[in-house]
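Below, chains carry the letters A, B, ... as their sequence lines are ordered, and counting in each starts from 1.
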Amino acid sequence: MLYKKLHDWNISPKKAIDIQSTLKKLLKFEKIEKEISLVAGVDLSFFKEYGLAVIVVLDYDFNIREIVHHVEKVSYPYIPGLLAFREGPIFIKAWEKLKTDVDIVFFDGHGIAHPRKLGIASHMGLWIEKATIGIAKSKLIGNYKEPGKKRGNFSYLEYDGEKIGIVYRSRNNVKPIFISPGYLIDLESSLKITKSFITKYRLPEPTRLAHLYTQKIKKEHLSS
DNA sequence: GCGACAG
DNA sequence: ATCTTGTCGC
């Protein structure tokens, strides 16, 4: 698939923060009316000095339509708030290999629930010009009330007096997931669409399957 | 200065 | 994210 190269990746943390502050101004959020038919889930795993990105495409019936992956040396450390600079360049290489045109992309990490409103989901949404949703397993910033213990219970993640995400209990008695809009989608639509892709597991299928393949493909690489 | 801190 | 087996609980 095509994408816009908005900047270089090999830059200092200070410049990376400047870029985030600049790109944040380009974000747009809309209510999704159209029925979603094809979605993609993205996840990465690491081994040795390499990073492996996997993109899984699913249709509305959870059938896998396409899977692509890309492996390359990691060139950026993990710094809270700058995750996109570590995983973004590897994800983009996998994205180049993707042939299916999807409606929405789920990322492992936050969207606007970020210090500069530019978590990896929002950041990459601008590059690929697609609607994106951030699905994180823990919070980066913000405050929230612990949601009820039952599946479906939720509360809002707030920061600077604004609702930036939803803390959603996807299964009974399990840690909640943090859903936040990435790009071209609003909070309400993000929750609705994410819920439609959650079955019997904590994570929505696109993200869950991407993670599964990330581990599987990594093992194949280590044993051959 | 202290605590927090996506993956 | 990653190093790692069994085990408690729904």
Side-chain angles (χ1 to χ4, degrees), chain A residues 9 13 16-17 19-20 23-24 27 41-55 69-92 94 105-126 132-144 146 148-153 157-160 164-183 190 194 199-204 206-219 221-223:
Chain A
W9 289 114
I17 289 175
I19 285 179
Q20 293 181 325
L23 293 182
K24 136 188 195 180
L27 294 177
V42 180
D43 191 38
L44 283 84
S45 65
F46 299 84
F47 58 95
K48 299 299 184 57
E49 64 270 53
Y50 300 94
L52 162 63
V54 172
I55 302 177
H69 74 265
H70 179 75
V71 178
E72 74 173 38
K73 288 195 175 180
V74 181
S75 56
Y76 213 83
Y78 167 67
I79 300 173
L82 300 182
L83 178 63
F85 291 85
R86 176 178 172 78
E87 306 193 338
I90 306 176
F91 155 70
I92 281 295
V105 183
F106 285 87
F107 280 86
D108 199 1
H110 295 284
I112 63 170
H114 175 279
R116 290 163 293 282
K117 291 183 167 304
L118 206 81
I120 191 167
S122 301
H123 197 149
M124 300 321 299
L126 290 169
T132 60
I133 297 174
I135 302 296
K137 298 180 290 298
S138 64
K139 80 158 200 184
L140 174 58
I141 57 162
N143 302 299
Y144 66 95
E146 188 66 22
K149 296 296 184 182
K150 293 295 185 180
R151 174 172 60 80
N153 290 164
L157 178 61
E158 303 183 71
Y159 188 66
D160 277 344
I164 57 173
I166 289 173
V167 186
Y168 185 73
R169 192 81 66 182
S170 51
R171 291 191 61 178
N172 293 168
N173 306 310
V174 296
K175 289 173 55 180
I177 57 176
F178 298 74
I179 303 169
S180 63
Y183 180 51
S190 294
T194 296
T199 60
K200 58 189 296 193
Y201 305 97
R202 180 162 87 118
L203 298 173
T207 293
R208 191 181 73 82
L209 292 175
H211 183 259
L212 241 43
Y213 280 101
T214 225
Q215 300 304 310
K216 182 173 182 287
I217 297 173
K218 175 173 63 176
K219 288 181 180 178
H221 262 273
L222 293 173
S223 64

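- Residue A/Ile141 is out of contact with every strand shown, counting any heavy-atom pair closer than 4.0 Å.
- In terms of heavy-atom proximity, A/Lys139 sits nearest to A/Asn143 at NZ-OD1, 4.4 Å.
- Within 4.0 Å of A/Gly81, counting heavy atoms only, lies at least one base atom of the nucleic acid.
- Mapping heavy-atom proximity under 4.0 Å, the span of DNA chain B touched by chain A runs 5' to 3' from B/dC5 to B/dG7.
- Relative orientation of the A/His69 and A/His221 rings is perpendicular, given thresholds of 30° and 60° on the angle between their planes.
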Can you name the atoms? Protein N/O to nucleotides 1-5 of chain C N/O, anything below 3.5 Å, with the distance.
unit_1: C/dA1; atom_1: OP2; unit_2: A/Lys137; atom_2: NZ; d: 3.3
unit_1: C/dT2; atom_1: OP1; unit_2: A/Phe46; atom_2: N; d: 3.3
unit_1: C/dT2; atom_1: OP1; unit_2: A/Phe46; atom_2: O; d: 3.4
unit_1: C/dT2; atom_1: OP1; unit_2: A/Lys218; atom_2: NZ; d: 2.6

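- The two atoms that bring A/Ser180 and A/Gly111 nearest to each other are OG-N, 2.6 Å, heavy atoms only.
- Stem analysis of DNA chain B (Watson-Crick or G-U pairs, both distances under 3.5 Å, runs of at least three) returns none.
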Bracket string, DNA chain C, 5' to 3' - pairs by Watson-Crick or G-U geometry under 3.5 Å, | interstrand: ..........
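- For the atom pair CD1 (A/Ile141) and CZ (A/Phe178), the distance works out to 11.5 Å, reported to the nearest 0.5 Å.
- Taking A/Tyr201 as the reference, A/Thr199, A/Glu205, A/Arg208 meet the side chain to side chain contact (heavy atoms under 4.5 Å, CB included) condition, with sequence neighbours excluded.
- Atom OG of A/Ser190 and atom CD1 of A/Ile133 lie 4.5 Å apart (nearest 0.5 Å).
- A/Pro115 and A/Leu140 get closest at one heavy-atom pair: CD-CD2, 3.7 Å.
- The number of heavy-atom neighbours closer than 6.0 Å to CZ of A/Arg116, taken from other residues, nucleotides and ligands shown, is above 12.
- Listed by first then second residue, pairs satisfying salt bridge (Lys or Arg N to Asp or Glu O under 4.0 Å) with a partner in residues 71-87 of chain A read A/Glu72-A/Lys93, not counting sequence neighbours.
- Between A/Leu23 and A/Leu126, the shortest heavy-atom contact is O-CD1, 3.5 Å.
- For the residue pair A/Ile90 and A/His70, the shortest heavy atom distance occurs at CG2-O, 3.8 Å.
- Heavy atoms of A/Ile90 sit nowhere under 4.0 angstrom from any nucleic acid atom.
- Between the side chain of A/His110 and the backbone N or O of A/Ser138 there is at least one donor-acceptor pair closer than 3.5 Å.
- In terms of heavy-atom proximity, A/Trp9 sits nearest to A/Ala84 at CZ3-O, 3.4 Å.
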